[in-house]
Colleague: 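Just passing along the structure, written as structure tokens.
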Amino acid sequence: KTLLTLKTNMQYIHHPRVIAENFCKENTKGTTAYLGAMFGGRNHSTISIDLNRTLEIILANPYKSLVFRGIKDKIRKVVKEVNEEYEIKE
């Protein structure tokens, strides 16, 4: 198990997991049920709630919006570098 798949809502685990869920939803064709399975067997409705909360947080706090965007940009950069290194076509 990784920290992102633990069944806990401790903030230091929950916030990164929500960012990861959001990133996966935006960048894959996975359903909320599939994402739930990938994140420790979470229910699809839990994933939907997390995604909605992320949107609420971003809309309510411009600073957190910048933080989320910065994290997502860093993840995209790493994925691009890995794909280029291993010659993976998207």
Side-chain angles (χ1 to χ4, degrees):
K1 281 194 169 193
T2 68
L3 289 177
L4 295 179
T5 62
L6 291 178
K7 292 192 178 212
T8 180
N9 283 329
M10 294 167 53
Q11 295 301 308
Y12 71 93
I13 295 173
H14 181 72
H15 284 184
R17 181 175 56 230
V18 168
I19 292 169
E21 291 167 354
N22 187 278
F23 184 82
C24 290
K25 184 63 180 163
E26 287 179 1
N27 293 282
T28 69
K29 295 178 182 174
T31 64
T32 53
Y34 178 78
L35 294 178
M38 295 292 91
F39 286 96
R42 303 173 74 73
N43 188 290
H44 73 93
S45 61
T46 302
I47 300 295
S48 294
I49 290 167
D50 285 349
L51 295 173
N52 288 335
R53 280 193 192 138
T54 303
L55 181 59
E56 290 171 7
I57 290 168
I58 289 171
L59 293 175
N61 189 327
Y63 173 75
K64 287 188 178 180
S65 175
L66 291 174
V67 171
F68 282 140
R69 189 175 309 135
I71 292 168
K72 288 182 196 178
D73 288 346
K74 287 179 183 177
I75 293 170
R76 282 188 189 99
K77 181 180 177 187
V78 169
V79 168
K80 182 179 178 187
E81 289 172 2
V82 168
N83 286 344
E84 288 172 357
E85 183 175 334
Y86 291 97
E87 299 178 9
I88 299 170
K89 305 228 186 293
E90 293 183 25

Colleague: Under 3.5 Å, which donor-acceptor pairs do the side chains of residues 31-42 form with other protein atoms, sequence neighbours left out?
Modeller:
unit_1, atom_1, unit_2, atom_2, d
Thr31, OG1, Ala33, N, 3.4
Thr31, OG1, Tyr34, N, 3.0

Colleague: Do Phe68 and Ile75 share a hydrophobic cluster (ILVMFWY, side-chain heavy atoms under 4.5 Å, transitive)?
Modeller: yes

Colleague: Establish whether Ile47 and Ile19 are linked, either directly or via other cluster members, by ILVMFWY side-chain heavy-atom contacts under 4.5 Å.
Modeller: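 Per the 4.5 Å side-chain linkage, Ile47 and Ile19 are not co-clustered.
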
Colleague: Among the clusters formed by ILVMFWY side chains lying less than 4.5 Å apart, do Tyr63 and Leu59 turn up in the same one?
Modeller: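 No.
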
Colleague: What I want to find out is whether Arg76 reaches Glu26 closely enough, with some N-O distance under 4.0 Å, to be called a salt bridge.
Modeller: yes

Colleague: Within the 3.5 Å criterion, strictly below it, is a donor on Lys72 or Asn27 matched to an acceptor on the partner's side chain?
Modeller: no

Colleague: Measuring from atom CG of Asn9 to atom CD of Gln11, what distance do you get when rounded to the nearest 0.5 angstrom?
Modeller: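 Asn9 atom CG to Gln11 atom CD measures 7.5 Å (nearest 0.5 Å).
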
Colleague: Can you tell me how far the CD atom of Glu56 sits from the CG atom of Leu51, to the nearest 0.5 Å?
Modeller: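 Those atoms lie 11.5 Å apart.
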
Colleague: Any donor-acceptor pair under 3.5 Å linking the side chain of Arg17 with the backbone of Thr8?
Modeller: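 Yes; judged by distance alone, with no hydrogens or angles, the pair exists.
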
Colleague: In Å and rounded to the nearest 0.5 Å, what is the CZ to OG1 distance from Phe23 to Thr54?
Modeller: 14.0 Å

Colleague: Are Leu4 and Tyr12 linked, directly or through intermediate hydrophobic residues, by side-chain heavy-atom contacts shorter than 4.5 Å (ILVMFWY only)?
Modeller: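 Different clusters: Tyr12 never reaches Leu4 through Ile, Leu, Val, Met, Phe, Trp or Tyr contacts under 4.5 Å.
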
Colleague: Between the main-chain N or O of His44 and the side-chain N or O of Ser48, is there a donor-acceptor pair closer than 3.5 Å?
Modeller: yes

Colleague: Looking at NE2 of His15 and CZ of Arg53, how far apart are the two atoms once the value is rounded to the nearest 0.5 Å?
Modeller: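 His15 atom NE2 to Arg53 atom CZ measures 9.5 Å (nearest 0.5 Å).
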
Colleague: Are Ile71 and Val18 grouped together when hydrophobic residues (ILVMFWY) are joined by side-chain heavy atoms under 4.5 angstrom apart?
Modeller: no

Colleague: As an exercise, state the distance from CG of Asn52 to OG of Ser45, rounded to the nearest 0.5 Å.
Modeller: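 One finds 11.0 Å between CG of Asn52 and OG of Ser45.
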
